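First up is the structure itself, then whatever we jot down about it.
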Amino acid sequence: TKIAELEKKWRKNPAFVEAYESMEGEFMLASAVIKARTDADLTQAELAALMNAKQSLVARIESGQQNTTVKTLQRVAEATGTSLQISFER
């Protein structure tokens, strides 16, 4: 895909790699929310409605622009029929 090709090109740039790695947590969180939502076959608007929130909140979480709370992540889990699991690993 074009995205994979672009990422391969960007990964040759040390500044990109450094910036990307500094945001790895945000990307992982955003990816997990997107996966939970899409696995539940929900749009952002549908997920937001189930959470009693605005679609823009879901969009910000999925873009990595929202510094969200555990409480909000729990609402995502409940709305998508998943369980929230947080771990620290070595």
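Below, each value reflects all heavy atoms present in this structure, side chains not excepted, and no hydrogens, waters or symmetry copies. None of these values were measured; they are calculated from a predicted model.
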*List in chain and number order the residues that pass side chain to side chain contact (heavy atoms under 4.5 Å, CB included) with Q65, two or more places apart in sequence or in another chain; answer none if no residue qualifies.*
S63

*Any pair counted as ring pair (Phe, Tyr, Trp, His ring centres under 6.0 Å), so long as it reaches residues 70-90, sequence neighbours left out*: none

_Value rounded to 0.5 Å, distance of CZ in R37 from OG1 in T82_ = 13.0 Å

*Kindly give the heavy-atom pair with the smallest separation between S83 and A77, and that separation in Å.*
C-CB, 4.1 Å

*Output all residues satisfying side chain to side chain contact (heavy atoms under 4.5 Å, CB included) with A45, sequence neighbours left out; order by chain, then residue number.*
T43, Q55

*Distance, nearest 0.5 Å, that separates CG of L84 from CD of E78*: 9.5 Å

*Side-chain hydrophobic cluster, 4.5 Å single linkage: members besides I34*: none

*Who are the side chain to side chain contact (heavy atoms under 4.5 Å, CB included) partners of L29, not counting sequence neighbours?*
V33, T68, L73

*Contacts of A79 that satisfy side chain to side chain contact (heavy atoms under 4.5 Å, CB included) - sequence neighbours left out*: L47, L50, M51

*Who passes salt bridge (charged side-chain N to carboxylate O under 4.0 Å, His left out) against K35, sequence neighbours left out?*
D39

_Going by the rule side-chain hydrogen bond (donor to acceptor under 3.5 Å, both in side chains), which residues pair with S22 if we only count those two or more places apart in sequence or in a different chain?_
none

*Excluding sequence neighbours, so at least two apart, what forms side-chain hydrogen bond (donor to acceptor under 3.5 Å, both in side chains) with T72?*
T69

*Contacts of type salt bridge (charged side-chain N to carboxylate O under 4.0 Å, His left out), residue E7, not counting sequence neighbours*: R11

*asked:* Test of understanding: with ring pair (Phe, Tyr, Trp, His ring centres under 6.0 Å), list the residues that count as partners of F27, not counting sequence neighbours.
replied: Y20

*For Q66, enumerate each residue passing the side-chain hydrogen bond (donor to acceptor under 3.5 Å, both in side chains) test, keeping only those at least two apart in sequence or located in another chain.*
R60

*Could you pull out the closest heavy-atom pair between A30 and E62, with the gap in Å?*
CB-O, 3.2 Å

*Do you know the tightest heavy-atom contact between A40 and T80?*
CB-O, 3.8 Å

